[in-house]
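To find a chain, count down the sequence lines: A is the first, B the second, and so on, and within it residues start at 1. Predicted model only: the values in this text are computed from it and were never measured.
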Amino acid sequence: AQTVTQSQPEMSVQEAETVTLSCTYDTSESDYYLFWYKQPPSRQMILVIRQEAYKQQNATENRFSVNFQKAAKSFSLKISDSQLGDAAMYFCAYSPGLKYIFGTGTRLKVLA
Amino acid sequence: ETGVTQSPTHLIKTRGQQVTLRCSSQSGHNTVSWYQQALGQGPQFIFQYYREEENGRGNFPPRFSGLQFPNYSSELNVNALELDDSALYLCASSLDGLQRADTQYFGPGTRLTVL
């Protein structure tokens with residue numbers, strides 16, 4: 001079965017500091033896509049970053065970057081220079097195509 | 001801005017009733033997916049429509065059904081509501097569901113409460 005595990009229900013980070021959110025997944029596919037979505041209290045899921053499994057280079061979007069370890073089936077999200085607006089639920093998602101499979105989420109608190 | 005909208009924002013129904021949730025996809029997107037997000041959980045895939053045909057389905061019973069229209073709008077229908085159907089329902093539109101690299105853009109969701 002294809003599953004996504006986020007083992008950190010909640011994380012806290014001081015404003016301007018760096019935090020890493022963990023995600024592991026299980027699949028027998030070799031070609032797939034991984035995503036991090038942010039869900040603020042407004043409930044709208046916002047795409048943060050996307051990684052293609054065939055690319056060895058880690059994706060980066062401004063202050064957000066990933067550490068993609070295909071052999072270990074690990075896909076962590078690093079947020080640098082954390083801002084108050086980063087506070088939200090973060091969901092890791094895996095897709096072999098068609099559907100997305102989500103983890104249970106990590107709630108990120110940013111402390112001023 | 002994703003351009004995906006959903007209505008209504010909130011809805012309260014009683015057990016056994018039927019409900020229709022609506023979604024307006026981003027212009028040019030011919031694929032819509034629906035997800036159920038129970039409290040404290042990640043979204044679960046219900047089904048996907050591509051060019052008005054069902055393109056894939058998750059582990060949900062047949063009382064969950066959908067429609068997609070040529071004007072980029074779509075509906076999720078749930079019959080014989082059960083208490084466990086209480087959840088946030090998200091729709092996501094994407095450019096082409098047949099492409100593995102398709103990225104989904106989500107709407108703000110409809111919160112359904114079943115009493």
Please look at [X] and chain A and tell me whether the side chain, the backbone, both or neither of the residue comes under 4.5 angstrom of a heavy atom of that chain.
X: B/Tyr35; result: side chain
X: B/Gln41; result: both
X: B/Gln37; result: side chain

Quiz prompt | Sub-6.0 Å ring centroid separation between B/Phe47 and B/Phe45 | solution = no

Quiz item: Under 6.0 Å between ring centres, would you say that holds for A/Tyr94 and A/Tyr32?
Solution: yes

Is [X] close to chain B through its backbone or its side chain, or both, or neither, when contacts mean heavy atoms under 4.5 Å?
X: A/Phe91; value: side chain
X: A/Thr104; value: both
X: A/Gln6; value: neither

Practice problem: Before accepting this row, confirm whether a basic side-chain N of the pair B/Arg51/B/Glu53 lies closer than 4.0 Å to the acidic partner's carboxylate O. | Solution: no

Quiz item: Does the side chain of B/Phe106 come within less than 4.5 Å of B/Cys91's, by heavy atoms?
Solution: no

Quiz item: Run the ring pair (Phe, Tyr, Trp, His ring centres under 6.0 Å) check on A/Phe35 and A/Tyr100 step by step: do they pass?
Solution: CA-CA 9 Å; A/Phe35 305 84; A/Tyr100 284 14; 4.5 Å; yes

Quiz prompt | Check: A/Arg43 side chain, B/Gly109 main-chain N or O, donor-acceptor pair, under 3.5 Å | solution = yes

Exercise. Just give me the residue among B/Gly42, B/Pro108, B/Ser94, B/Ser33 that pairs up with chain A most often, heavy atom to heavy atom, under 4.5 Å.
Key: B/Pro108

